[in-house]
Structure formats: C-alpha cells, structure tokens
Trainee: 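Sharing a structure below in structure tokens format, with a few things to ask.
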Amino acid sequence: MHPEALVRDHTIYACVMGSRAFGLATDTSDTDRRGVYLAPAPLFWRFEKPPTHVEGPEREQFSWELERFCALALRANPNILECLHSPLVEYADDTARELLALREAFLSRRTHETFARYALGQHKKLEADVRRHGAPRWKHAMHLLRLLMSSRDLLRTGSLTIDVGDQREPLLAVKRGEVPWPRVETWMSRLATDAAEAVSGSPLPPEPDHARVEDFLIRVRRASALRSAPEAFQADPDDERVQSVVRGRGVRQR
C-alpha cells in the first residue's frame with residue numbers, strides 16, 4: 001500500500017499543531033497538521049512492513065502509524081504528547097477517541113528528562129546562532145520558552161496544557177526580537193529550574209502505564225485482523241490453527 005494511501009484511507013486522528021494550537025498564531029502562520037493512521041493488520045504479515053510515519057501528502061502534514069505513535073508517547077516525546085493534547089482536533093474515529101481517553105497513561109515524571117533533554121539541544125542551537133550571527137532565531141527561542149513553560153506546568157499540575165494563554169504577548173515579543181538575548185536566557189534558566197524543583201512533588205506517576213497502552217494496541221490490532229480475516233484467509237477459511245491465532249486464542253498443541 002502506498003504511504004499516502006495509508007494517510008488518506010486509514011487516518012484515525014488528525015489535529016492542528018504548531019502556533020495555531022499554542023495560541024501563538026499570527027497572520028503569516030502556517031497550519032501544521034499532524035495525524036495517526038492505523039495500518040491494516042495484514043500489512044504486518046509481509047516481510048516489508050508498513051511505514052512508521054508518512055510526510056504529506058499535504059503541505060505541513062506529518063502522520064505516524066499508531067504503534068510508533070504510542071511507543072514515542074510512552075517515551076515522553078514532547079511533540080507526540082503535545083499532539084495528543086491539541087485543542088484543535090479535526091478528526092477522531094472511535095479508535096482515536098479511545099486513544100485520547102488514554103492520554104494520562106502516557107504521562108509520567110519521565111517527561112522532565114525528555115523535555116529537558118530536548119530543551120538543552122534546542123538551546124545549544126540557539127547559542128550557536130548567537131555566536132555565528134549575533135542573535136538567535138527568535139521564533140525558535142519563543143517556542144523553546146513555550147516548551148519550558150509547558151514542562152514546568154505539567155510537572156506541577158499533572159496536566160499538559162498546550163495554549164499559552166496570557167503568555168501570548170510576552171512570547172510574541174521574543175519572536176519579534178524585542179527582548180534581549182541575555183534576558184531570554186535568564187527566563188529559560190528560571191523555567192528549567194522551576195521544572196526541576198517540581199519533579200519530587202509532582203502528581204505524575206514515576207513511569208507511564210505501559211500495560212494499559214499495550215492492551216489498547218493489542219485490541220486494536222486484533223480487531224483489524226478480524227476485519228481482514230475473510231479476505232486474508234479465503235484460501236483456507238476453516239483452518240482452525242490460523243483462525244485461533246487471529247482470534248487471540250493461540251495455537252492449540254496436538
């Protein structure tokens with residue numbers, strides 16, 4: 001199956017991310033679309049597996065296969081967790097609604113490590129820009145501040161909030177280059193310290209709920225296999241051993 005067909009025909013969740021979801025959009029902002037598709041189970045029975053992600057087919061569009069999406073979310077990938085909490089959902093089928101109901105299962109204190117590591121990498125890039133050009137890429141500096149705020153508030157409250165609310169204007173001032181870089185760095189440092197101090201008392205659990213997420217994924221895969229069974233097994237539809245595997249009963253020993 002062509003990658004674009006997976007996105008076109010098998011998307012279960014689609015949302016808008018980027019500045020529009022963060023409450024930072026201006027007249028010139030792009031519309032960044034993210035999604036999750038569910039590859040039909042028979043595609044995994046081949047040597048060549050379906051792609052774990054697809055870029056496109058539309059401009060500024062990126063999608064992940066459900067299993068890859070869940071795996072990244074369990075690792076507290078900031079982009080994936082934010083995608084799960086987008087306030088701008090464009091499409092969600094029954095499977096996606098069940099996925100969204102699992103959002104808290106992906107959250108844990110591990111987010112501090114992953115968000116902090118991502119922030120450190122972005123900060124190094126900004127410092128390199130300052131050394132080369134005398135100033136950072138201000139849009140990237142704004143988004144790093146937003147990420148640090150999100151991390152701090154998540155650890156303090158246990159909830160991931162995407163929209164920046166009343167921080168919109170201070171952050172847009174950074175984007176416009178109106179805040180000196182030393183002040184921006186001090187702001188970043190303070191947010192990082194606040195996040196680190198919030199870890200010990202955070203309402204988040206130490207680890208995400210792997211078992212709950214895996215149970216969801218297995219049920220979704222099994223349902224997909226059962227939907228495909230009449231076509232997949234038409235060569236021998238009464239084969240007891242094959243049907244037992246598809247229905248999750250295992251192979252009976254003889």
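Side chains are part of it too, since the values below use all heavy atoms of this structure and drop only hydrogens, waters and symmetry mates. Nothing fancy with the numbering, it's 1 onward along the sequence.
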Trainee: In a check of side-chain contact (heavy atoms from CB on, under 4.5 Å) between Lys175 and each of His140, Arg137, Met142, His143, which one passes?
Mentor: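 Running side-chain contact (heavy atoms from CB on, under 4.5 Å) over His140, Arg137, Met142, His143 with Lys175 returns exactly one hit, Met142.
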Trainee: Could you go through residues 66-80 and list every donor-acceptor pair under 3.5 Å that involves a side-chain atom there, pairing it with any protein atom two or more places apart or in another chain?
Mentor:
| from | atom 1 | to | atom 2 | distance (Å) |
| --- | --- | --- | --- | --- |
| Glu67 | OE1 | Arg221 | NH2 | 3.1 |
| Asn77 | OD1 | Asn79 | N | 3.0 |
| Asn77 | OD1 | Ile80 | N | 3.1 |

Trainee: If you take all heavy atoms of Pro205 and Leu107, which pair is closest and at what distance?
Mentor: CG-O, 3.5 Å
Trainee: Look at the side-chain heavy atoms of Ile, Leu, Val, Met, Phe, Trp and Tyr, link any pair under 4.5 Å apart, and say whether Tyr13 and Met17 land in one connected group.
Mentor: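 Result: yes, single cluster for both.
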Trainee: If I compare all heavy atoms of Thr111 with all of Ser108, which pair ends up nearest, and what's the gap?
Mentor: OG1-O, 2.9 Å
Trainee: Stepwise, does the salt bridge (charged side-chain N to carboxylate O under 4.0 Å, His left out) test hold for Glu207 with Arg110?
Mentor: CA-CA 6 Å; Glu207 297 291 333; Arg110 184 181 293 183; 2.3 Å; yes
Trainee: Look at the side chain of His133 and the backbone N and O of Ala135, then say whether any donor-acceptor pair between them is shorter than 3.5 Å.
Mentor: no
Trainee: Going from CG on Leu84 to CZ on Phe106, what distance comes out if it is rounded to the nearest 0.5 angstrom?
Mentor: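 So the gap between those two atoms works out to 6.0 Å.
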Trainee: Hydrophobic clusters here meaning ILVMFWY residues chained together by side-chain heavy-atom distances under 4.5 Å, can you tell me if Phe62 and Tyr37 are in one?
Mentor: no
Trainee: Could you report the tightest heavy-atom contact between Ala21 and Ile162, atom names first, then the distance?
Mentor: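 Smallest interatomic distance, heavy atoms only, reads O-CG2, 3.4 Å.
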Trainee: Are Leu100 and Leu154 joined in one hydrophobic group, where the rule is that I, L, V, M, F, W and Y side chains link up if heavy atoms are under 4.5 Å apart?
Mentor: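 Yes; tracing contacts between hydrophobic side chains, which count when under 4.5 Å, links both residues.
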Trainee: Surrounding CD of Glu60 (heavy atoms of other residues, nucleotides or ligands, distance under 6.0 Å), is the total greater than 12?
Mentor: yes
Trainee: Which side-chain N or O atoms in residues 115-125 pair as donor and acceptor under 3.5 Å with protein atoms at least two apart or in another chain?
Mentor:
| from | atom 1 | to | atom 2 | distance (Å) |
| --- | --- | --- | --- | --- |
| Arg117 | NH1 | Glu113 | OE2 | 3.1 |
| His123 | NE2 | Glu185 | OE2 | 3.0 |

Trainee: In terms of heavy-atom contacts, does NZ of Lys49 have more than 12 from other residues, nucleotides or ligands at under 6.0 Å?
Mentor: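 Enclosed: over 12 neighbouring heavy atoms sit under 6.0 Å from NZ of Lys49.
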Trainee: Quick test of your reading of the model: are Arg59 and Asp30 salt-bridged, counting only N-O distances below 4.0 Å?
Mentor: yes
Trainee: Checking Gln61 side chain against Glu58 main chain: does a donor-acceptor pair fall under 3.5 Å?
Mentor: yes
Trainee: Where is the tightest heavy-atom contact between Leu204 and Arg109, given as atom of each residue plus distance?
Mentor: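 Leu204 and Arg109 have their closest heavy atoms at O-NE, 2.9 Å.
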Trainee: Could you measure the distance from the CG atom of Leu145 to the CE atom of Met188? Nearest 0.5 Å is fine.
Mentor: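 Here the interatomic distance stands at 4.0 Å.
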Trainee: Which residues satisfy the side-chain contact (heavy atoms from CB on, under 4.5 Å) test with Thr95, sequence neighbours excluded?
Mentor: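 Partners of Thr95 by the side-chain contact (heavy atoms from CB on, under 4.5 Å) criterion, ordered by chain and then number, come out as Ile12, Asp93, Phe216, Val220.
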